[in-house]
Number of protein chains: 2
Amino acid sequence: MAERALPPVVARMWGRETASRHGPRPSLDVAGIVAAAIAIADRDGLEGVKMSSVAAEVGVATMSLYRYVGSKDELLVAMADAAAPEPPALDGRPWRAYLATWTRANRDFLLDRPWLLALTSRTPPAGPRALRWLDRALAALAGTGLGHGERINIATSLTSYAASQATLVHGMTSAAEAAAGDGSIAGLADYGDILGQVLDPAEYPELTAAVRAGGFGAAEEWTDDADFNFGLDLLLDGVEALIARRT
Amino acid sequence: MAERALPPVVARMWGRETASRHGPRPSLDVAGIVAAAIAIADRDGLEGVKMSSVAAEVGVATMSLYRYVGSKDELLVAMADAAAPEPPALDGRPWRAYLATWTRANRDFLLDRPWLLALTSRTPPAGPRALRWLDRALAALAGTGLGHGERINIATSLTSYAASQATLVHGMTSAAEAAAGDGSIAGLADYGDILGQVLDPAEYPELTAAVRAGGFGAAEEWTDDADFNFGLDLLLDGVEALIARRT
DNA sequence: ACCTGAACACCGTTCAAGT
DNA sequence: ACCTGAACACCGTTCAAGT
């Protein structure tokens, strides 16, 4: 099978630039630009990341950035990988204990940098950090007798669970902040309140019952670990059942 | 507890406009605008949805739209709800059978309209369609002895599973189409190929092994139902274990 | 080979007028 | 009370020139 040329984004993420030989040395590198963009996103959110603001942050004219990144989209992809921390160390823990902390750590860094949530669906994981996370999850499942494909599937399910939980929690908490301004949805108390106003019990019988029973609970309950653990255990119980079936 | 005024987006989605009394009748309504925007997104993707293109589609000046929707963002939120089909009918099926088709149907309409994937993380479900989906899932679990909060949690987990699967499949297939143009990632064969080029086996031992063993398989395997069912069963097994614990 | 100023293209939104 | 043309603001990207 012929080697396929690396897509430019991927090459840049892995530092596989073909270094140029002649002329002035470049005054910047991709890593510095990406770091500057991340700093801006942390401070001002993703809307603050403009080619002009990133250029200002590194002290260069806007157009100079195009020497290093092909487009803003490419920059965003690189940011998404670089902004993730290293995965937790395995340290010989049993698969279930490790995957639980792995998934929790995954959710936590998404909540630290909620702007990452808007970037996750852009591209399959191909950066060094994302692949290190994947590699560790596969390692944790190495002794279970599951196949490679199954292990990849499990890791993918856990990643997307972490992302969906982070999206949920972030949606609730950030909406609460914004609520002072315009009248968007302001956390779970309001959410239940709004549903109560809008729902026709005949058309939404179960949901109405849930709202009346306080099924949406207080906002703290959701940001709490309880719900996170609930769904996580659902998944890990499923994995455990699968392993048991295999042995 | 005082009634809280409905956020404008929500009010508009539920048709709770305070109708105006005097002056000329409006020539448009929100539903028509939303339908036009959906038609454009189906045809040209989400980038094709501009205030100007939507206005052209309904045959009106761009600025007239602002009589009906507060902003483009608001329009997108309304689109996200209106673009979903009705949930499958329960028909007295047992919870597991129903939730399986429910989750599959959820994934399917996301794949029919992949532009929905970029809109899902915007706001908690508050539109008539999204809530109808939630209501039916709660109904399916009504006889299980689970609490309202637990049932909501399960429905949320399944929704996000459907979304993550759709994101994955869509990412793979659409990348394959775009691959002719620039060199982005072009389906799973390429994906494994690229990983193989980039991975240092010392740093990514398990991933390297998985790639060599063909753990990423052929692209068809992923779009196939096999992987979808795998993760779904993981979740439903977890639910089943929970129900068993309760009784 | 790198950097940059000016300019272009695009698009969401405001405003002041029209009817 | 509704519709609309002109205009503004913003931002990603191209290009041709500078060193």
Side-chain angles (χ1 to χ4, degrees), chain A residues 8-9 11-12 17-34 36-37 40-41 43-79 115 118-119 122 181-182 184, chain B residues 8-9 11-12 17-34 36-37 40-41 43-79 115 118-119 122 181-182 184:
Chain A
V9 213
R12 264 183 268 256
E17 288 308 82
T18 36
S20 47
R21 292 303 164 89
H22 310 304
R25 303 239 109 212
S27 66
L28 306 169
D29 60 343
V30 194
I33 293 171
V34 169
I40 293 172
R43 198 191 324 129
D44 307 323
L46 211 51
E47 326 88 57
V49 179
K50 321 177 206 296
M51 294 306 271
S52 55
S53 66
V54 175
E57 184 91 5
V58 294
V60 94
T62 305
M63 318 76 205
S64 309
L65 296 182
Y66 290 93
R67 289 272 125 202
Y68 302 91
V69 295
S71 67
K72 188 185 178 181
D73 263 11
E74 211 185 283
L75 175 59
L76 292 174
V77 170
M79 285 171 70
W115 51 266
L119 299 181
R122 292 204 160 236
D182 67 346
S184 53
Chain B
V9 214
R12 263 184 270 256
E17 287 308 81
T18 36
S20 46
R21 294 300 166 91
H22 309 303
R25 301 242 110 212
S27 65
L28 307 169
D29 60 343
V30 194
I33 293 171
V34 169
I40 293 172
R43 199 192 321 130
D44 307 323
L46 211 52
E47 326 88 57
V49 178
K50 321 178 207 293
M51 295 306 272
S52 56
S53 66
V54 175
E57 184 91 5
V58 293
V60 94
T62 305
M63 319 77 204
S64 310
L65 297 182
Y66 289 94
R67 287 274 125 202
Y68 301 90
V69 295
S71 67
K72 188 185 179 183
D73 264 11
E74 211 185 283
L75 175 59
L76 293 174
V77 169
M79 286 171 69
W115 51 267
L119 299 181
R122 292 204 161 237
D182 68 346
S184 52

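So that the names make sense, note that chain A is the first sequence line, chain B the second, and so on, each numbered from 1.
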*Value in whole Å for how far the P atom of D:dC11 lies from CE of A:M51*: 13 Å
*Return one dot-bracket line describing DNA chain D 5' to 3' (Watson-Crick or G-U wobble pairs, both distances under 3.5 Å; ( ) same strand, [ ] crossing, | another strand, . none).*
||.|||||...|||||.||
*Report the residue (A:K50 or B:S64) whose heavy-atom-nearest nucleotide on DNA chain D is the more 5′ of the two.*
B:S64
_In this structure, how many angstroms lie between the C1' atom of C:dT13 and the CZ atom of B:R67, rounded?_
13 Å
*Can you tell if the side chain of A:L28 reaches within under 4.5 Å of the side chain of A:R67, non-hydrogen atoms only?*
no
*Distance-only, no hydrogens or angles: does the A:K50 side chain make a donor-acceptor pair with backbone N or O of A:A55 under 3.5 Å?*
no
*Could you state the atom-to-atom distance from CG of B:L65 to P of C:dT14 in whole Å?*
13 Å
_Distance, rounded to the nearest Å, where B:Y66 contributes OH and C:dA16 contributes P_ = 17 Å
*Short N-O contact, A:E57 and A:R43, less than 4.0 angstrom*: yes
*Contact check, side chains of A:V77 and A:L119, non-hydrogen atoms, under 4.5 Å*: no
_From CD of B:E74 over to C1' of C:dT13, roughly how many Å is that when rounded to an integer?_
14 Å
*Can you measure from OH (B:Y68) to CD (B:E74) and round to the nearest 0.5 angstrom?*
14.0 Å
*Rounding to a whole Å, what distance do you find between B:D73:CG and C:dC11:C1'?*
14 Å
_Output the rounded distance in Å from CD (A:E47) to C1' (C:dT13)._
17 Å
_What contact category does A:S71 fall into here, base, sugar-phosphate, or nothing, at under 4.0 angstrom with non-hydrogen atoms?_
sugar-phosphate
_Test item: B:S53 side-chain N/O and B:G48 main-chain N/O as donor-acceptor pair under 3.5 Å_ = yes
*If you check the B:M63 side chain, which of D:dA6, D:dG12, C:dC3 turns out closest?*
D:dA6
*Atom OH of B:Y68 to atom C1' of C:dG12: distance rounded to whole Å?*
19 Å
*From B:W115 CH2 over to B:M79 CE, what is the distance, rounded to the nearest 0.5 angstrom?*
4.0 Å
